[in-house]
Amino acid sequence: MTIKLTRRAGLLGIAFAALMAPQAAWTQDSIKIGAPLSLSGKFVSYGAAAKRGIEMAVDVYGGKVAGKPIEVQFRDTQSDAQAAVTSFTQLLSQERVNYLIGPIATPMAMAGVPAWLRAKALWIVPGATTPLLEEKAGKEPMFFHTFPYAYHYHASLAKALREKLGPGKTLAIVYSDDAYGREHLPYAQKYFTTAGFKIVAEELVRAGATDLNPVFAKIRRAKPDVLLGLVQTTDGITLTKQAYVQRLGVPYMIGTAYPQLKQWQDATGEAQEGWVGVTTYIPGLEAAADPKYPVLFPATKDWIAAFTKRYNRQPEFVDVGGYVSTMMLLLAIENAKVDDKEKVAAELKKLDVKTMIGRGHFGPTDGGTLNQAFADVVVHQRVKNQDAIIFPPEFATTKALEQANYPK
């Protein structure tokens with residue numbers, strides 16, 4: 001009896017090994033990249049754009065790296081913190097990926113930090129502006145940030161507006177009660193005050209609020225020259241449309257990343273006129289092809305043409321950021337010649353390439369991140385349904401700063 005059970009167990013073991021062999025071979029023979037992205041919910045515009053950029057980079061690279069197929073495993077965080085935790089856990093604990101790209105939205109990235117700290121895959125984040133992420137993960141050698149932090153936004157915004165408007169202007173700030181608004185607020189306070197602005201109102205709004213009239217009443221009484229909206233895209237749409245309908249009358253309306261997004265532009269219509277935003281990429285920026293990798297990092301106009309042909313739409317900043325971040329990772333894997341996250345991280349730090357959004361090279365930040373790229377930001381304004389670049393001077397396409405189309 002014992003002998004029969006042993007033989008049966010042996011046969012079952014052989015059968016189980018044979019059944020699992022194809023999966024084991026595939027895992028061994030592919031390069032797995034996890035991509036936890038908001039493919040539904042309120043941050044879907046970010047997630048969908050990152051997915052486009054990642055997929056395009058993989059295709060342009062040829063679908064293989066270091067002689068192995070590239071397997072991108074997308075997981076939908078659903079724009080929900082708990083779903084983001086699940087996505088990270090699946091990718092890191094179950095799939096055991098060595099590389100992560102995403103999420104883009106700040107709350108989703110922060111939700112994934114605890115799971116990532118336990119596994120410490122090589123993590124590239126082409127978004128998430130919160131310095132809390134810098135505090136929690138920035139000092140880790142496997143963390144690579146490829147997007148400006150909140151303080152980079154406000155340093156450039158304050159400098160550009162001071163240059164265009166002069167000293168002595170007043171500022172009102174509307175900020176959401178989520179991580180995005182609360183994290184941006186102290187940096188807006190710091191850099192705008194340093195630039196000579198007087199803050200005359202600071203109004204907290206609930207994320208997802210549908211009626212901003214009580215806030216607008218307070219802003220009217222403060223009579224600011226400038227209104228700064230520290231909110232995410234969907235709340236930015238609400239703020240923009242209601243301020244226009246209510247004839248708020250503030251001369252200069254300032255956002256952060258959302259004024260360049262097609263979702264915001266399509267939803268706000270004529271209310272978008274005059275809004276100012278910040279970004280790492282905007283149509284009108286021109287960069288030459290990288291001399292060593294012209295196919296991977298072509299001239300801006302050529303990359304835009306290829307993207308537009310592929311997706312039948314103009315790229316947004318997250319499209320470009322997703323593409324560039326993925327392409328740099330693939331180059332690092334190729335140079336490492338092995339699926340080893342430590343060796344790939346070492347190669348990623350060595351990279352110095354010319355991209356559509358500037359120099360692709362990692363270095364430290366003043367806030368403590370070891371590996372930061374693409375910290376420079378561009379300040380732009382919506383003028384007649386187009387983007388006019390107002391800062392920095394070397395990229396500027398206009399000298400004037402228009403007043404917003406918000407009649408009193």
Quiz prompt | Test item: Gln242 side-chain N/O and Leu239 main-chain N/O as donor-acceptor pair under 3.5 Å | solution = no
Quiz item: Thinking salt bridges, do Arg313 and Asp319 make one under a 4.0 Å N-O criterion?
Solution: no
Exercise. Evaluate whether atom CG of Asn312 has more than 12 neighbouring non-hydrogen atoms of other residues, nucleotides or ligands under 6.0 angstrom away.
Key: no
Exercise. Please confirm whether the backbone N or O of Pro141 pairs with a side-chain atom of Asn371, one donor and one acceptor, at under 3.5 Å?
Key: yes
Quiz item: Taking only residues two or more places apart in sequence or in another chain, which ones pass ring-ring contact (aromatic ring centres under 6.0 Å, His included) with Tyr311?
Solution: Phe307
Quiz item: Crowded around Lys164 NZ? As in, over 12 foreign heavy atoms under 6.0 Å?
Solution: yes
Self-check item: Lys51 to Phe74, cation-pi by 6.0 Å centre distance and 45° axis angle
Solution: yes
Quiz item: Ignoring hydrogens and geometry, is there a side-chain-to-backbone donor-acceptor pair from Glu203 to Ile173 under 3.5 Å?
Solution: no
Quiz item: Just checking, is any N or O donor in the side chain of Glu202 or Gln189 under 3.5 Å from an acceptor N or O on the other one?
Solution: yes
Exercise. Taking Gln403 for its side chain and Gly274 for its backbone only, find out whether a donor-acceptor pair lies under 3.5 Å.
Key: no
Practice problem: Output the distance between atom CG (Leu401) and atom CG (Leu161), rounded to the nearest 0.5 Å. | Solution: 6.5 Å
Self-check item: Flag, side chain of His145 to backbone of Ala128, donor-acceptor distance under 3.5 Å
Solution: yes
Quiz item: Is the count of non-hydrogen atoms from other residues, nucleotides or ligands lying under 6.0 Å from Asp266 atom CG greater than 12?
Solution: yes
Quiz item: Counting heavy atoms not belonging to Arg310, are there more than 12 under 6.0 Å from its CZ?
Solution: yes
Quiz prompt | Thr146 and Ser325: side chain donor to acceptor below 3.5 Å | solution = yes
Self-check item: Gap between atom CZ of Arg247 and atom OH of Tyr244 - 0.5 Å precision
Solution: 8.0 Å
Quiz item: Is a side-chain donor-acceptor pair under 3.5 Å present for Tyr180 with Thr256?
Solution: yes
Practice problem: Show the numbers, then the answer: is there a side-chain contact (heavy atoms from CB on, under 4.5 Å) between Phe374 and Thr355? | Solution: CA-CA 10 Å; Phe374 310 115; Thr355 81; 3.4 Å; yes
Quiz item: Taking Asp235 for the side chain and Gly208 for the main chain, is one N or O donor matched with an acceptor at less than 3.5 Å?
Solution: yes
Self-check item: Side chain Thr279, main chain Val378, donor-acceptor under 3.5 Å
Solution: no
Practice problem: Applying ring-ring contact (aromatic ring centres under 6.0 Å, His included), name anything that partners Tyr151, two or more places apart in sequence or on another chain. | Solution: Tyr149, Tyr187
Quiz item: Can you tell me if Glu134 and Thr369 form a side-chain donor-acceptor pair at under 3.5 Å?
Solution: yes
Exercise. With rounding to the nearest 0.5 Å, note down the distance linking CG in Asp29 to CD in Glu71.
Key: 11.0 Å
Exercise. Please identify each residue that fulfils ring-ring contact (aromatic ring centres under 6.0 Å, His included) with Tyr323, with sequence neighbours left out.
Key: Trp303
Self-check item: Aromatic ring pairing Phe147/Tyr153, orientation class (parallel under 30°, perpendicular over 60°, tilted between)
Solution: perpendicular
Self-check item: Salt bridge flag under 4.0 Å for residues Asp352 and Arg359
Solution: yes
Quiz item: So does Asp376 have more than 12 non-hydrogen atoms from other groups sitting under 6.0 Å from CG?
Solution: no
Practice problem: Could you tell me how the ring of Phe143 sits relative to the ring of Trp123: parallel (under 30°), tilted (30 to 60°) or perpendicular (over 60°)? | Solution: perpendicular
Quiz item: Distance-only, no hydrogens or angles: does the Glu273 side chain make a donor-acceptor pair with backbone N or O of Ala404 under 3.5 Å?
Solution: no
